[in-house]
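Inspection log for the structure reproduced underneath, given as structure tokens.
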Amino acid sequence: MFLRGTCGKYKSYLCAMNKRVRVRFAPSPTGGLHLGGVRTVLFNYLFAKKHGGDFILRIEDTDQSRFVPGAEEYILQTLNWCGLTPDESPLAGGPYAPYRQSERKAMYKQYATQLIDAGHAYIAFDTPAEIEEMRNNFKTPENPSPQYNQAVRAKMRNSLSLSKEEVDALLVANTPHVVRIKMPDNEDVTFTDMIRGEVSFNTSQVDDKVLLKADGMPTYHLAVVVDDYLMKISHAFRGEEWLPSAPVHLLLWKYLGWANDMPQWAHLPLILKPDGNGKLSKRDGDRLGFPVFAMDWTDPKTNEKNTGFKEHGFLPEAFVNLLAVLGWNDGTDQELFSITDLIEKFSMERVHKGGAKFNYEKAKWFNAEWIKNADNAYLASLVQPYFEEAGIQVQDKSYLEKIIGITKERCILLPDFIIQAGFYFAAPTSIDTASIAPKWDDNKKNFFEALCSAFENSNSNDPTILENIFKELTATQGLKPGELMLPMRIMLVGGKFGPGVFEIAATIGVADAVARIKHALTLL
RNA sequence: GGAGCGUUCGUCUAACGGUUAGGACCUCAGGUUUUCAUCCUGGUAAUACGGGUUCGAUUCCCGUACGCUCUACCA
């Protein structure tokens with residue numbers, strides 16, 4: 001399928017060929033990045049890389065009251081962890097710097113002025129209290145939230161309702177004011193969304209959005225259009241929650257005289273909470289026992305902590321993979337995709353329209369698959385920090401890699417290696433004697449004592465030899481091997497899990513195995 | 001309230017007018033593993049509803065229901 005939509009009077013795919021692909025992720029630094037945010041990053045990144053274009057990070061910090069220290073650094077770190085590093089950003093710089101809107105403040109005013117001069121915007125002096133009053137006055141059961149629109153703007157204090165002298169006087173007096181877009185009365189604004197196809201709004205339904213705030217900062221609406229234009233953005237992807245304000249942006253592109261340069265839009269479906277309905281929020285994660293943020297995030301103002309996929313033990317490759325297929329697929333049964341695969345196969349047209357409920361069980365499945373298929377040395381580097389935290393000493397790196405190779409298929413999350421592989425590095429600290437005790441008797445005790453001697457005498461680290469010793473001994477003592485395997489396993493690893501007992505004994509060394517058995521015998 | 005967007009197994013999805021509606025997760029039943037996990041085999045389970053259009057609708061159109069998003073000097 002070709003890219004749909006029009007770009008000026010030309011078909012979009014012609015534009016796409018002529019215009020360098022430049023996309024941006026434009027978060028406001030108000031907190032950690034959650035699943036939906038990272039997926040938006042991912043789709044932007046994939047689209048850019050697929051078309052040999054640029055991926056830009058632009059920080060939309062026009063609202064000082066919501067600014068959260070550390071959030072920008074967190075976003076950068078998250079993108080790095082995911083391997084979705086932007087080509088241009090506040091950190092990396094680039095030809096269209098600065099990439100923080102607060103640092104671009106001076107650039108926006110001239111465009112607001114241009115809009116006023118052209119009659120597409122006006123100055124409004126209404127105080128918050130006056131607007132509040134208007135809303136109360138016009139509120140009816142049928143219209144619970146009246147808008148500042150063509151129906152009421154004549155009754156408010158603005159450059160449309162006031163005389164030029166009054167306006168000038170107010171301006172000279174430094175009266176706080178905003179700039180609002182003047183929405184046309186009854187005009188259909190239609191555009192083609194790459195995911196949804198043709199989408200249409202009537203301007204009578206949208207209000208006169210504030211473009212420039214009283215503090216001189218632009219609102220999102222003005223800033224996004226100006227910056228996308230100035231930064232030569234070719235495709236603009238954002239969450240579905242932006243769809244209703246798309247007509248404002250469309251009109252702005254037109255009024256500013258940039259219609260032919262307008263990016264193609266795609267509004268991404270939302271990620272929904274697993275239980276009930278509604279968009280996934282940061283509160284859902286830890287409430288339901290899974291992370292929603294990419295990495296741990298603690299809000300410096302509230303001290304509220306949200307855990308992250310990284311710290312829960314997800315591989316970045318798995319995280320990216322599971323995000324990619326949340327609302328997108330390549331049309332085949334393939335579910336496991338590397339980033340290279342994704343870049344090759346991604347297409348915006350195959351993104352789903354409907355929102356997707358997040359399913360943590362499936363997310364873990366992706367991680368388990370990635371762990372099973374991952375390179376041992378790579379896994380070792382990721383597991384090491386968890387071992388250090390758990391107090392597990394690793395002397396020999398190649399030994400660690402070997403152990404990871406034989407235990408990785410039993411691990412779903414990285415911390416699982418602590419249990420599944422920890423006993424290869426140190427004797428278990430707790431031994432599940434409760435599972436041995438009920439059937440424990442002197443015959444078994446004697447057997448294990450004899451086994452220790454036999455093992456010591458053999459001085460062998462060959463699993464087959466150890467198994468033969470074990471079986472011969474059970475035979476001579478008239479015992480069933482099956483009744484002794486489980487106790488031995490528990491003595492070696494601490495519980496009912498792990499690879500074959502003789503493989504374990506051989507791997508940790510017969511001396512260590514004997515020591516563990518002897519220690520366990522003191523507990524029974 | 002209004003506007004917009006959406007709706008296939010419990011969940012994520014495939015099927016761009018013709019399939020016994022496919023796959024994956026979950027779950028269930030077997031098998032392998034003298035443990036656990038992996039792995040293998042198999043099962044249950046879906047086109048929201050009502051009208052059209054059509055020889056034929058999951059697919060196109062209309063309506064209804066339901067859900068979501070927006071309706072801030074927040075993004």
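Keep in mind it's a predicted model, so treat the numbers as computed, not measured. Letters A, B, ... are given to chains in the order of the sequence lines, protein chains preceding strands, and every chain is numbered from 1.
- Across all strands shown, the partner of B:U11 is B:A24, judged by Watson-Crick or G-U wobble contacts whose two distances both fall under 3.5 Å.
- In this structure, the nucleotide among B:C70, B:U38, B:C73 sitting nearest to the side chain of A:Lys372 is B:U38.
- Between A:Asp228 atom CG and A:Arg24 atom CZ the span is 4.0 Å, to the nearest 0.5 Å.
- Proximity note for A:Pro128 (side chain, C-beta onward) versus B:A3, B:U35, B:C73: the nearest is B:C73.
- Counting only heavy atoms from C-beta outward, the side chains of A:Val178 and A:Ile123 never approach each other to under 4.5 Å.
- Of all nucleotides listed (B:A72, B:C70, B:C5), B:C5 comes nearest to the side chain of A:Glu240.
- When heavy atoms are screened at a 4.0 angstrom cut-off, A:Pro499 is found touching base atoms of the nucleic acid.
- Listed nucleotides: B:A75, B:G4, B:U35. Nearest to the side chain of A:Glu241: B:A75.
- With both ends at atom P, the span from B:C40 to B:G52 equals 49 Å, rounded to whole Å.
- Taking atom CZ of A:Arg196 as the reference point, atom P of B:C68 lies 16 Å away to the nearest angstrom.
- B:A45 is unpaired under the criterion used here, namely a Watson-Crick or G-U wobble arrangement in which both key atom distances are under 3.5 Å.
- For RNA chain B, the neighbouring residues in residues 174-186 of chain A, judged by any heavy atom under 4.0 Å, are A:Val178, A:Arg180.
- Rounded to an integer number of Å, the gap from NZ of A:Lys301 to C1' of B:C74 is 12 Å.
- Taking the six-membered ring for Trp, A:Tyr220 and A:His249 have ring centres closer than 6.0 Å.
- Because its NZ or CZ atom is not both nearer than 6.0 Å to the ring centre of A:Trp440 and within 45° of the ring axis, A:Lys444 does not count as a cation-pi partner of that residue.
- Taking side-chain N and O atoms only, A:Asn329 has a distance below 4.0 Å to OP1 or OP2 of B:A14.
- Along RNA chain B, the nucleotide nearest A:Phe470 and the nucleotide nearest A:Phe201 are compared for position; the residue whose nucleotide lies closer to the 5' end is A:Phe201.
- Spacing between atom CZ of A:Arg100 and atom C1' of B:A75 amounts to 18 Å, rounded to whole angstrom units.
- Interatomic distance, CZ of A:Phe470 versus CE of A:Met488, reported as 6.0 Å (0.5 Å rounding).
- Counting any heavy atom pair closer than 4.0 Å across all strands shown, A:Arg238 reaches no nucleic acid atom.
- B:A57 is unpaired under the criterion used here, namely a Watson-Crick or G-U wobble arrangement in which both key atom distances are under 3.5 Å.
- Neither OP1 nor OP2 of B:U71 sits under 4.0 Å from any side-chain N or O of A:Arg135.
- For a distance-only test at 3.5 Å, the side chain of A:Lys209 fails to qualify as a donor-acceptor partner of the base of B:A72.
- At a threshold of 4.0 angstrom between heavy atoms, the contacts of A:Gly354 are confined to the sugar-phosphate backbone, with no base atom among them.
- Separation of the A:Phe319 and A:Phe314 ring centroids does not fall under the 6.0 Å cut-off.
- No contact: A:Lys364 has no heavy atom under 4.0 Å from any strand.
- Contact annotation: the side chain of A:Phe448 approaches that of A:Pro487 to within less than 4.5 Å [non-hydrogen atoms, C-beta and beyond].
- The stretch residues 59-67 of chain A touches RNA chain B through A:Glu60, A:Thr62, A:Asp63, A:Arg66, each having a heavy atom within less than 4.0 Å of the strand.
- Among the atoms of the strands shown, none is found under 4.0 Å from any heavy atom of A:Thr140.
- Within 4.0 Å (heavy atoms only), A:Glu409 reaches at least one base atom of the nucleic acid.
- For B:C70, one of the phosphate oxygens OP1 or OP2 lies less than 4.0 angstrom from a side-chain nitrogen or oxygen of A:Lys279.
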*ring-ring contact (aromatic ring centres under 6.0 Å, His included) between A:Phe417 and A:Tyr386, worked out*: CA-CA 8 Å; A:Phe417 280 101; A:Tyr386 290 97; 9.1 Å; no
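- A:Ala214 comes within 4.0 angstrom of a base, heavy atoms only.
- The side chain of A:Leu243 sits closest to B:C5 out of B:C5, B:A75, B:G1.
- Using a 4.5 Å heavy-atom cutoff, the side chains of A:Phe358 and A:Val292 are not in contact.
- The side chain of A:Ser145 approaches B:G1 more closely than any other nucleotide in the set B:G1, B:C5, B:C25.
- Distance CD (A:Glu133) to C1' (B:C73): 18 Å, rounded to an integer number of Å.
- Between A:Arg104 and A:Asp227, at least one side-chain nitrogen of the basic residue sits less than 4.0 Å from a carboxylate oxygen of the acidic one, meeting the salt-bridge criterion.
- Under the Watson-Crick or G-U wobble criterion, with both distances below 3.5 Å, B:U69 is paired with B:A3.
- Ring orientation note: the planes of A:Tyr360 and A:Phe290 are close to parallel, at an angle under 30° on the 30°/60° scale.
- By the 6.0 Å and 45° rule, A:Arg58 does not stack over the aromatic ring of A:Phe25.
- In this structure, the NZ atom of A:Lys362 is 15 Å from the P atom of B:C9, given to the nearest Å.
- For A:Lys471 and B:U34, the shortest distance from a side-chain N or O to OP1 or OP2 is not below 4.0 Å.
- Of the candidate nucleotides B:U69, B:G2, B:A24, B:G2 has the atom lying nearest to any side-chain atom of A:Gln205.
- Nucleic acid contact class of A:Leu272 (heavy atoms, under 4.0 Å, all strands): none.
- Note on A:Gly239: nothing from the nucleic acid sits closer than 4.0 angstrom, heavy atoms only.
- The nucleotide B:G30 finds its pairing partner in B:C40, both defining distances of the Watson-Crick or G-U wobble pair being shorter than 3.5 Å.
- Taking OG1 from A:Thr429 and CZ from A:Phe423, the interatomic distance works out to 13.0 Å, rounded to the nearest 0.5 Å.
- Note on A:Lys480: nothing from the nucleic acid sits closer than 4.0 angstrom, heavy atoms only.
- Projected onto RNA chain B by closest heavy-atom contact, A:Glu198 and A:Gln420 fall at different nucleotides, the more 5' of which corresponds to A:Glu198.
- When both distances must be under 3.5 Å, the Watson-Crick or G-U wobble mate of B:G50 is B:C62.
- When rounded to the nearest whole Å, the span between CE of A:Met156 and P of B:A72 equals 13 Å.
- Backbone-only engagement by A:Val325 is indicated by non-hydrogen atom pairs under 4.0 Å involving sugar-phosphate atoms exclusively.
- In this structure, A:Leu270 places its CG atom 8 Å from P of B:C70, rounding to the nearest Å.
- Using a 4.0 Å heavy-atom criterion, one finds that A:His352 contacts the sugar-phosphate atoms exclusively.
- Residues satisfying the side-chain contact (heavy atoms from CB on, under 4.5 Å) test with A:Ala121, not counting sequence neighbours, are A:Leu115, A:Ile116, A:Val179, A:Leu211.
- Note on A:Lys213: a side-chain N or O is less than 4.0 Å away from OP1 or OP2 of B:A75.
- When heavy atoms are screened at a 4.0 angstrom cut-off, A:Pro481 is found touching base atoms of the nucleic acid.
- Across all strands shown, A:Asp208 has no heavy atoms under 4.0 Å from either base or sugar-phosphate atoms.
- The A:Glu335 side chain lies nearest to B:G23 when the options are B:G1, B:C73, B:G23.
- Rounded to whole Å, the distance from CG on A:Asp333 to P on B:G22 is 12 Å.
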